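Everything on this sheet refers to the single structure shown next.
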Amino acid sequence: MASNYKITKSDLTKLGLYSVIEQIGFSFERMQALGFTCSMLPTIKKIYGDDKEQLADFMTKNMEFINTEMHMATFLMGLIVSMEEAGEDRTLICNIKNGLFGPLAGLGDAIFWFTLLPISAAICTSLAQDGSPLGPLLYIAIWFVSAISRIWFARLGYSLGTKAVSTISENANAITRAAGILGVMVVGGLIPTYITFAFGEGLTYGINEATVQSIFDNVMPNILPLGFVFLIYYLFKKKNMSVLAVILGIIVFGIAMSYLGWM
Amino acid sequence: MASNYKITKSDLTKLGLYSVIEQIGFSFERMQALGFTCSMLPTIKKIYGDDKEQLADFMTKNMEFINTEMHMATFLMGLIVSMEEAGEDRTLICNIKNGLFGPLAGLGDAIFWFTLLPISAAICTSLAQDGSPLGPLLYIAIWFVSAISRIWFARLGYSLGTKAVSTISENANAITRAAGILGVMVVGGLIPTYITFAFGEGLTYGINEATVQSIFDNVMPNILPLGFVFLIYYLFKKKNMSVLAVILGIIVFGIAMSYLGWM
Amino acid sequence: MASNYKITKSDLTKLGLYSVIEQIGFSFERMQALGFTCSMLPTIKKIYGDDKEQLADFMTKNMEFINTEMHMATFLMGLIVSMEEAGEDRTLICNIKNGLFGPLAGLGDAIFWFTLLPISAAICTSLAQDGSPLGPLLYIAIWFVSAISRIWFARLGYSLGTKAVSTISENANAITRAAGILGVMVVGGLIPTYITFAFGEGLTYGINEATVQSIFDNVMPNILPLGFVFLIYYLFKKKNMSVLAVILGIIVFGIAMSYLGWM
Amino acid sequence: MNEITLIQGLLLMIVVFICALDQQMEAFYWFRPMVVAFFSGIVLGDMELGIKAGAVAELSYLGLLTVGGTVPPDPLMAGFMTVVIAYTTGRGAETALGLSLPFALLAQWLGIFFNTAYSTVVRMCEKAAKAGDTGKFTRICYGAWFVKSGAMAIVAFLAAYGLQEPIQNFVNAFPTELVHGFEVAGNMLPAVGLGLLLMVMLNNQNIPYLFIGFFMATFTGVDNVLPIAMVAVAIAYIDYLYNQKMKAASAAAVAVDGGDDEDGI
Amino acid sequence: MNEITLIQGLLLMIVVFICALDQQMEAFYWFRPMVVAFFSGIVLGDMELGIKAGAVAELSYLGLLTVGGTVPPDPLMAGFMTVVIAYTTGRGAETALGLSLPFALLAQWLGIFFNTAYSTVVRMCEKAAKAGDTGKFTRICYGAWFVKSGAMAIVAFLAAYGLQEPIQNFVNAFPTELVHGFEVAGNMLPAVGLGLLLMVMLNNQNIPYLFIGFFMATFTGVDNVLPIAMVAVAIAYIDYLYNQKMKAASAAAVAVDGGDDEDGI
Amino acid sequence: MNEITLIQGLLLMIVVFICALDQQMEAFYWFRPMVVAFFSGIVLGDMELGIKAGAVAELSYLGLLTVGGTVPPDPLMAGFMTVVIAYTTGRGAETALGLSLPFALLAQWLGIFFNTAYSTVVRMCEKAAKAGDTGKFTRICYGAWFVKSGAMAIVAFLAAYGLQEPIQNFVNAFPTELVHGFEVAGNMLPAVGLGLLLMVMLNNQNIPYLFIGFFMATFTGVDNVLPIAMVAVAIAYIDYLYNQKMKAASAAAVAVDGGDDEDGI
Ligand SMILES: OC[C@H]1O[C@H](O)[C@@H](O)[C@@H](O)[C@@H]1O
Ligand SMILES: OC[C@H]1O[C@H](O)[C@@H](O)[C@@H](O)[C@@H]1O
Ligand SMILES: OC[C@H]1O[C@H](O)[C@@H](O)[C@@H](O)[C@@H]1O
């Protein structure tokens, strides 16, 4: 049974903006289920008015476990709203949602967490280095735009409708692959700038009192930071060390180096 | 009816050299038709002697619209001469010519106008910067060789003969693609050297009186010239602005910046 | 007839280490046949004890011509030992050996002679430049590890056994191709550092007494060393000049340049 | 060495409350050290310190992400306490960053506590859902949101205002070597973030690009990641085009076969 | 500030006549600013000025190409007048380049006029062609060639010799800001050329290479396009090899199918 | 200018003997100029000279490889005599390298002689093989190994100790231009090695990478080949991945066809 109400452009704008609360009420049990449902309520009430039965069914069905990246969540909301409006079976709708949120999380994380975040942080911290407020202000501006862009994601999800499902599964691989190349290359580029790992002037060897660091610089500049990142990676990946343990280890190491006068 | 005269190597050399006039008598109506026909006359007269009928037919048929890159024109002449010599039907010959001159123009332009020109100009202007005559002399030498190379194009066209047609259509794509990569990458490399677009020392901001230009340099060196080229590109491509309007706009902009003391 | 003796891990370690003598007794007639056979004798004696007949047959059959890269030789020994232990027909074993040693030589040369050697030499000579013993010591260490790695090659050959044959022929192309890219790119990178080919301050031209070398630097830095390598390559490849002739030519050229005061 | 007044303490509490609201949304990124430190610096009357300390903390917490619903050492609290400690003790931002770690861990545990405890909120919402009561559903969600943010704000107030003397004394007793040791460690910490990023992104197919990016940053004059990102986008796009073509080639094979089948039948 | 004598004026006319002959051929590239300015400088007794002004104008008119039969602002006249104006007014080459623009436009319009008017020449040639009269055909072409070159030479003579005083006065009345403004604009003008080049060459497939070239020029010590062109050739060739392989793979699919068909039948 | 004592001469002989044993094995690379010059320098009491001269010679003999069983000018003797000549004549390493060439050629001819003559050793081993006498077989091989090394050691001793005066006189009579000429040539000699490497490795498929490597070394601050090798491995691996995919695409075509055949039949 398709609804009588026709979703307007302004409805989708509001949906996009309101979806910023998508992660409130987060719990390990259901993750984003609460915020996700809550975000759609104003729009859904336009479709079903005060039809308590429909609203109850909608809320209950949408309270299943969900966890995805924020912008992708908004995209999913647009999709759901278009299907609700078309009167599709709600169990089907939820199945589609369940099938999509995982891959979409990977995609969104690659774009926003792994690419936009380091790039914006790099630009803004470099602007901020001499204390200029331009740094944080640009940072705030960038992410404000990112938040506002959810309007577009809501519209995209709505207009693609069910077509979206096959399109996404077709191109998810390609986009994830591209995001991986981008992200990994950026990380490679961040290593020399972000990490200082060098022995001090005081640590020398041999007859000429050449510094130990000069050996490493001779072999390859920045080889120590590069190796250090791979060590950390190895500790996480193969040794399953916790983030906390690694951080504490680094602090202990730093203090030890300081006392030895090596760094 | 194949001719009795056998085209010699020296005939082709002369054809190549004489083809430099290929563009004289240029008109919007027929473009290079006159010069193209004119270039071939000495060679064609060797084949048909004083057979006025053949010459009249040849000239008339070749006066159709044609427009291609110069070296490619010479190549086409070699092709035509080989087919005339073999006594192929002249309507067929002209059809082949009509089918080829377009793609060949793209290929030739990519090589000579878009690649050899900027490279030779870059090298020679850098030699010329301190007023050394080496700059223009080398420039003249390079293009002299380029003009002389038409001998080779004439021979190539002649020896490939009709085989050329399929070979070209097969590889045209690949060569155009490669020329595009080359040309576009060279343009990218030219941007920082060729275009100066930077705000002056006088334009500052904030408490520390840091220059505005330093912000752009912080974000990415040469980002203004890069952006400016894309702006111009956009004005041409999407706004269909005329070259003249863009040039005048730049002059007005430059004068305005000068009066404002910003540049 | 399979042997009663079971080859142990320690047998393979000894085989790997002992295989360093694989090239002693080298002659143009049989190349590495003597050393190759000699290297395997202690292990083969474990299998056949004092069975003179088997030993004589083994030695005689293995004295055929063979020439391969050292590490690959060890690999082949492991392969042969596994087949001897399994009681395969010895003529078959030798046929397999004859089919493999050629391709394996190409692979091994690409890895050890063309890649590891220039890289280790580059690193160690740069460490050695100011007379630091670190240079030769690291060099000795690197190649010690390379020699010791034969233990691993012996084990690999033994454990792959006959499966190795198809695996190698399948991937040889891919590995050779990769080694070629690596090697050629490293050579390109070595040119500017290794070869000094520049005209002296004394060689000038024109009114301003600009140096001739500045022209070449203007066209492209290091263009002379690059061109020189290609000239040498051309002399070897197309003119079949001998190494000796080229070396003498360079010395004569150097002395001439010195007397002319050009370099 | 400066003191934080009560009014400043209360204002800082409001700053943290607002940023904590955003932290649960992950919408405007005001929970990032860069932003929270900026605001805190303004409140403390030393904006420049806030900006610099925020930049240092931002970089260190770049890879300590919440991805997949995990709770890492808290970036909000780290950025906040880096400014506060730098302000009250007069130490440099690197040292202060090291010393802010215990507080970042405290906030991490607080977060884990709430994420666990909020199963009760789920129960409450389920009831409202069954009743079809959208208003109640929404109010419960908002309540949960504000409570968690309030808790974070109170912890921040106590740490910044309440503990300032003990922290000062503690830090002042530090020998130089220890302080320098914290700086050294602070300079290395970003490796943790990058290591975590790699955990998620690195695979057999894209590892070569890591080295290309590293080479570009080390051997060209680049001191900003944007140009590298620009080239990375270019390379990723070239790769994409190749892959599309190869897919098309494979598809051609299948299509040819498909057409063929029909002929065959 | 120098004056151009009548003899110099006439010699310049000859220079422009010869270069204009070449401009119609586009054979020896003597119509390029670099060359015409070099010759003009020699005639004016200041070769160095000619070389420098030619270099500046050459770069600006790099992308204002005649490709596809279009007529851009005239590079010959631009190169010529840049030297002349720099010589007579004593201004720098950049300023002179800006001031030469009106003349480049004038020559552009002259070119368009001839390209339109020469339809009559086509008619005349058609008659000769029908008569099979190769001699007449050739003479007509040559006539058209010389007439157009002559017109260009006369315009150049008038502009350089006849207008020198008005130009001097005009330019001397310029305020510094205006002169500097022309320089600023002159430094930006090459963007027009590059923009036009991109119009013809840029597409979805090759846009990433633009950024790679830009990166190389910005972040390595390259100050000449040749090394970039060298790498570009290398990359284009690698791309070519991949494409050949992919074509082969697709072809294999079809071939396999072809062979198969025969089996099937 | 130094003299080599008899004891030093004998010690050098032992060094060369050991390195010559390794030269036949090609196992530990002690036959490379870098190592043999290092040991010789120690014996001569000037380790630094040995290290520097070894580095210079190592680079020059980088491509003069034995690959395929060919015998090039001898690296062992070149490294050895470079130190010896630098030590006795007081000339720089580049000059000494040039002057060592005759000795490298002498050793090359010695090597060719032995490789030819050792056909007799093959005969002896054949007899032992037929008799199944593993001990005798082994002893013959070892004998051949030691004889060749001994010959090399004696030649080295004569050249270093016996000829030192003639060499000194010869070199001291050199005009400066000649000495400088040897240096110039010495700086170019590595081109021979690289040319030989290219002979074996270069082909139509990988030539673009040569230019990329050249560009990287020329225009970035790299002064060590390792970073370039790192990027080269990355690029080679990317190339490998593409090739695997294209192989898979082609294979798909064939597989599809295969399955099809079965359907068809
Ligand atoms: O990984 C998907 C998603 O997981 C959680 O919900 C949060 O940590 C988000 O930041 C993240 O994007
Ligand atoms: O574009 C093909 C061709 O068109 C016209 O004929 C001229 O502008 C040539 O310079 C150009 O090569
Ligand atoms: O080419 C294979 C092989 O040939 C010879 O045996 C020797 O020169 C080895 O160094 C080389 O590896």
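From a predicted model like this one, the values you see are computed outputs, not experimental measurements. Convention: sequence-line order gives letters A, B, ...; per-chain numbering from 1.
- Across all non-hydrogen atoms, the minimal contact from Ala147(A) to Ala27(D) is CB-O, 3.5 Å.
- With a 4.5 Å cut-off on side-chain heavy atoms, Phe39(D) and Ile140(A) count as touching.
- Taken to the nearest 0.5 Å, the CG atom of Leu101(D) stands 5.5 Å off from the CD1 atom of Ile247(A).
- Of the two parts of Pro175(D), only the side chain, counted from C-beta on, holds a non-hydrogen atom closer than 4.5 Å to a non-hydrogen atom of chain A.
- Using a 4.5 Å cut-off between heavy atoms, Ala128(D) touches chain A through its backbone atoms (N, CA, C, O) alone.
- Contacts with chain D were tallied for Leu248(A), Leu55(A), Thr196(A); Thr196(A) has the most, counting heavy-atom pairs under 4.5 Å.
- Of the possible polar contacts, none joining the Ser27(A) side chain to the Ser119(D) backbone as a donor-acceptor pair under 3.5 Å is found.
- Here the closest heavy-atom approach between residue Ala128(A) and residue Ala55(D) is recorded as CB-CB, 4.1 Å.
- Side-chain atoms of Leu210(D) and Val187(A), non-hydrogen and from C-beta on, do get closer than 4.5 Å to each other.
- Chain D forms more heavy-atom pairs under 4.5 Å with one residue of Lys52(A), Lys237(A), Met63(A) than with any other, namely Met63(A).
- Between the side chain of His180(D) and the backbone N or O of Met263(A) there is at least one donor-acceptor pair closer than 3.5 Å.
- Options Trp30(D), Trp145(D), Phe211(D), Phe114(D) differ in how many heavy-atom pairs under 4.5 Å they form with chain A, and the most are formed by Trp145(D).
- Interatomic distance, Met34(D) CE to Ser120(A) OG, rounded to the nearest 0.5 Å: 7.5 Å.
- Interface residue Phe230(A): only side-chain heavy atoms are found under 4.5 Å from chain D.
- The greatest number of non-hydrogen atom pairs below 4.5 Å with chain A, out of Tyr118(D), Phe215(D), Tyr237(D), is found for Tyr118(D).
- Of all non-hydrogen atoms in Thr218(D) and Pro192(A), the two that sit nearest each other are OG1-CG, 3.4 Å.
- In terms of heavy-atom proximity, Gly131(A) sits nearest to Lys52(D) at N-CE, 3.9 Å.
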_Criterion side-chain contact (heavy atoms from CB on, under 4.5 Å) on Thr60(A) and Glu126(D), from CA distance to verdict_ = CA-CA 7 Å; Thr60(A) 313; Glu126(D) 270 176 342; over 6 Å; no
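- With chain A as partner, the option from Cys125(D), Gly41(D), Gly50(D) having the largest number of non-hydrogen pairs under 4.5 angstrom is Cys125(D).
- For the side chain to side chain contact (heavy atoms under 4.5 Å, CB included) test with Pro136(A), the passing option among Ile51(D), Val36(D), Ile42(D) is Ile51(D); the others fail.
- Of all the listed residues (Val186(A), Ile191(A), Leu226(A), Val229(A)), the one sharing the greatest number of non-hydrogen pairs under 4.5 Å with chain D is Leu226(A).
- Contacts between Tyr240(D) and chain A at a heavy-atom distance below 4.5 Å involve the side chain alone, from C-beta outward.
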*Go through Leu117(A) and Glu58(D) one step at a time and tell me if the side-chain contact (heavy atoms from CB on, under 4.5 Å) criterion holds.*
CA-CA 10 Å; Leu117(A) 178 61; Glu58(D) 179 69 28; 4.0 Å; yes
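- With Tyr29(D) as the partner, the ring pair (Phe, Tyr, Trp, His ring centres under 6.0 Å) test is satisfied by one option alone out of Tyr139(A), Phe112(A), Phe144(A), Trp113(A): Trp113(A).
- The residue among Ala53(D), Ala144(D), Ala191(D), Ala117(D) with the most heavy atom pairs within less than 4.5 Å of chain A is Ala191(D).
- Atom OH of Tyr259(A) sits about 5.5 Å away from atom CD of Glu177(D), to the nearest 0.5 Å.
- Proximity to chain A (any heavy atom under 4.5 Å) is restricted, for Gln205(D), to the side chain, taken from C-beta onward.
- Here CD1 of Ile181(A) is found 10.0 Å from CD1 of Ile238(D). Values are rounded to the nearest 0.5 Å.
- Most heavy-atom pairs under 4.5 Å with chain A: of the set Asn243(D), Val121(D), Leu105(D), Ile235(D), this distinction falls to Asn243(D).
- Here the closest heavy-atom approach between residue Gly195(D) and residue Ile232(A) is recorded as CA-CG2, 4.4 Å.
- Taking the side chain as every heavy atom from C-beta outward, Asn115(D) and Phe26(A) approach each other to under 4.5 Å.
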*Are Glu29(A) and Arg123(D) close enough, and set up right, to give a side-chain contact (heavy atoms from CB on, under 4.5 Å), and what steps lead you there?*
CA-CA 11 Å; Glu29(A) 189 188 326; Arg123(D) 294 292 95 71; 2.5 Å; yes
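- Heavy atoms closer than 4.5 Å to chain D are found nowhere in Ala105(A), neither backbone nor side chain.
- Atom OH of Tyr234(A) has 12 or fewer neighbouring heavy atoms from other residues, nucleotides or ligands inside a 6.0 Å radius.
- The shortest side-chain heavy-atom distance between Phe236(A) and Val192(D) falls under the 4.5 Å cut-off.
- For chain D, the option among Gly254(A), Ala33(A), Gly188(A) with the highest count of heavy-atom pairs below 4.5 Å is Gly188(A).
- Most heavy-atom pairs under 4.5 Å with chain A: of the set Ala129(D), Ala232(D), Ala217(D), this distinction falls to Ala129(D).
- Put simply, of Met257(A), Glu22(A), Lys45(A), Gln32(A), the one with the most heavy-atom pairs under 4.5 Å next to chain D is Lys45(A).
- A heavy-atom distance below 4.5 Å is found between the side chains of Met220(A) and Phe214(D).
- Note that the CG atom of Leu99(D) and the CD1 atom of Ile251(A) stand 9.0 Å from one another [nearest 0.5 Å].
- The parts of Ala229(D) that come within reach of chain A are both its backbone and its side chain, each placing non-hydrogen atoms under 4.5 angstrom from that chain.
- To the nearest 0.5 Å, the span separating CG on Asn206(D) from CZ on Arg177(A) amounts to 8.0 Å.
- If you measure heavy-atom distances from Val56(D) to chain A, you find no contacts under 4.5 Å at all.
- With a threshold of 4.5 angstrom between heavy atoms, Leu49(D) does not approach chain A through any atom at all.
- Heavy-atom minimum distance, Phe28(D) versus Val20(A): CZ-CG1, 4.5 Å.
- When each of Met70(A), Glu69(A), Arg30(A) is checked for heavy-atom pairs under 4.5 Å with chain D, Arg30(A) comes out on top.
- Residue-environment remark: NZ (Lys136(D)) stays at or below the threshold of 12 foreign heavy atoms within 6.0 Å.
- At a 4.5 Å heavy-atom cutoff, Lys148(D) makes no contact with chain A through either its backbone or its side chain.
- With a threshold of 4.5 angstrom between heavy atoms, Ile112(D) approaches chain A through its backbone and through its side chain.
- Contact annotation for Met216(D): only side-chain heavy atoms (C-beta onward) come within less than 4.5 Å of a heavy atom of chain A.
- Proximity of Tyr209(D) to Leu182(A): side-chain heavy atoms (C-beta onward) are nowhere separated by under 4.5 Å.
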*Carefully, step by step, assess Leu34(A) and Val122(D) under the rule side-chain contact (heavy atoms from CB on, under 4.5 Å).*
CA-CA 7 Å; Leu34(A) 268 50; Val122(D) 173; 4.1 Å; yes
